[in-house]
Amino acid sequence: MANPHPHFLIITFPAQGHINPALELAKRLIGVGADVTFATTIHAKSRLVKNPTVDGLRFSTFSDGQEEGVKRGPNDLPVFQRLASENLSELIMASANEGRPISCLIYSILIPGAAELARSFNIPSAFLWIQPATVLDIYYYYFNGFGDLIRSKSSDPSFSIELPGLPSLSRQGLPSFFVGSDQNQENHALAAFQKHLEILEQEENPKVLVNTFDALEPEALRAVEKLKLTAVGPLVPSGFSDGKDASDTPSGGDLSDGSRDYMEWLKSKPESTVVYVSFGSISMFSMQQMEEIARGLLESGRPFLWVIRAKENGEENKEEDKLSCQEELEKQGMLIQWCSQMEVLSHPSLGCFVTHCGWNSSIESLASGVPMIAFPQWADQGTNTKLIKDVWKTGVRLMVNEEEIVTSDELKRCLELVMGDGEKGQEMRKNAKKWKILTKEALKEGGSSHKNLKNFVDEVIQGY
Ligand code: UDX
């Protein structure tokens, strides 16, 4: 029977880049009248900087054995998938017993078992795709007709491919799992993506919610008709979207108490002058690479805010982890271990974002009107970079040398290109502003993403 007050159960893999958009989705669902239970690991919940105390939002936590700090290993994903399934079963039964049955299970990437579980309980489910629609299309094509071609050419640097409805993609623009170096993750992640797509194809009425918006990826959202992609993004902190308080962020990390001095520091800088440098919640660089970035920043002469995350396994930073020019860096810029990124990006002093192009960072930057300097590392980041550089034209890509290192000169060159007075920089900054306006349009009441989400909730209420 139709339930007028639907109860959503949301689960994501316990990485920051997965939790942030899902938590934002939870808040938006509550905003349109739903209840939400958010299932995550004890460790991931403990890292949320602000435990969002939103009426209607409950957390349910379970152990994945990583409470003492994340120790990444090749079997993390299968272990997490098993524990998540067990926990979800218990939660679904307990919610029904409490008289709050689950109306719909929303699961994010890498947990295809959640969809099967929902089916076994006869509960509708929706897949939350936290990367661009373009990337989901690429995976679809890989598993549907183009895999052999891509695999056979994966080591050819001049390879490029035309996939229906997508921009032409070079080897650099394809997900890293196809082109070689991510062997461990490749096996588990690719297998999970394949399973996700198979499950969606079995559904009579598949539902895929995508962290993008209609104007950003109009062709990619329609390229694979049967996937029925619904854009509900950008899933960035709601404080930003309603123009009130960008600090209303669900972000998490190693933010020690009182370490918000960076906001004061940002306030002391003139408009559009600060370089923000951050590479998400997973990527780590060699000391050689860090030294090159440090020198590039120093030689650019510009103020910068650089996030250098503490080690995740609880290991102390050693003397050899220190940058050789630490003192000069701290004079010209500010080094921090974590920040409230959306707050930083939406600060008027921000001039550009040196980023690994994780999808959250990319779409947060687009939503804030900040041009980007891209240094993609793995997974979807090469594709995101392609879109930023060639489709939305709000950034450039750093080129690596023969040792796979971005030199200080290369960073300096790109900083000048993006922030300097040249024509290219002006164009990128103009485009960045345009995307900021279009983002607000999509998110406002009656905007495309707002309408799409409301329609989805209505369908759940009517029992799809
Ligand atoms: C992972 C994958 O690596 C990425 O390719 C994929 O698109 C999403 O999942 P991650 O590498 O952590 O994500 O990067 P990103 O997607 O950018 O997510 C990082 C999140 O942490 C962002 O929401 C960002 O705002 C937040 N963050 C990062 C902070 O709040 N503070 C920081 O100091 C750094």
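All ligand and atom numbering here is 1-based and tracks the order in the structure.
Note on K331 versus E327: no salt bridge recorded, every NZ/NE/NH1/NH2 to OD/OE distance being 4.0 Å or above. The pair E264-K267 counts as a salt bridge, with a side-chain nitrogen and a carboxylate oxygen less than 4.0 angstrom apart. Ionic pairing of R295 and E292 is present here: one or more N-O contacts between side-chain nitrogen and carboxylate oxygen are shorter than 4.0 angstrom. Salt bridge present: K444 and E441 bring a charged side-chain N and a carboxylate O closer than 4.0 Å.
The one candidate from I199, L200, L105 that meets the side-chain contact (heavy atoms from CB on, under 4.5 Å) condition with F127 is L200.
Below 3.5 Å of separation, one finds no N or O of F279 facing any N or O of ligand 1. Taking only nitrogen or oxygen atoms, main chain and side chain alike, H356 reaches within less than 3.5 Å of ligand 1. The shortest N or O to N or O distance between D380 and ligand 1 is below 3.5 Å. The shortest N or O to N or O distance between N360 and ligand 1 is below 3.5 Å. Among the atoms of Q16, none of the N or O lies under 3.5 angstrom from an N or O of ligand 1. Considering backbone and side-chain N/O of W359, one or more are found under 3.5 Å from N/O of ligand 1.
Taking a cut-off of under 4.0 Å to the non-hydrogen atoms of H18, the atoms of ligand 1 that pass are 9 (O). Near G358, with a cut-off below 4.0 Å to any heavy atom, the atoms of ligand 1 are 4 (C), 5 (O), 7 (O), 14 (O), 15 (P), 16 (O), 17 (O). Those atoms of ligand 1 that come under 4.0 Å of a heavy atom in N20, given as number and element, are 20 (C), 21 (O), 22 (C), 23 (O), 26 (C). Under a 4.0 Å criterion applied to the non-hydrogen atoms of V307, ligand 1 contributes the atoms 33 (O). Taking a cut-off of under 4.0 Å to the non-hydrogen atoms of S278, the atoms of ligand 1 that pass are 34 (C).
Surrounding NZ of K195 are at most 12 heavy atoms belonging to other residues, nucleotides or ligands under 6.0 Å away.
A ring-centre distance under 6.0 Å is not found for Y276 and Y262. Centroid-to-centroid, the aromatic rings of F285 and F375 come within less than 6.0 Å.
When the options P376, G17, P132 are ranked by their closest heavy atom to atom 13 (O) of ligand 1, first place goes to G17.
Checked by atom type and distance alone, the side chain of S46 pairs as donor or acceptor with a backbone atom of H43 at under 3.5 Å. In this structure a side-chain-to-backbone donor-acceptor pair under 3.5 Å is present from S365 to V370.
Distances shorter than 4.0 angstrom occur between a heavy atom of Q381 and an atom of ligand 1. Within the 4.0 Å heavy-atom shell around ligand 1 one does not find S283.
With a heavy-atom cut-off of 4.0 Å, E364 touches ligand 1 through its side chain alone.
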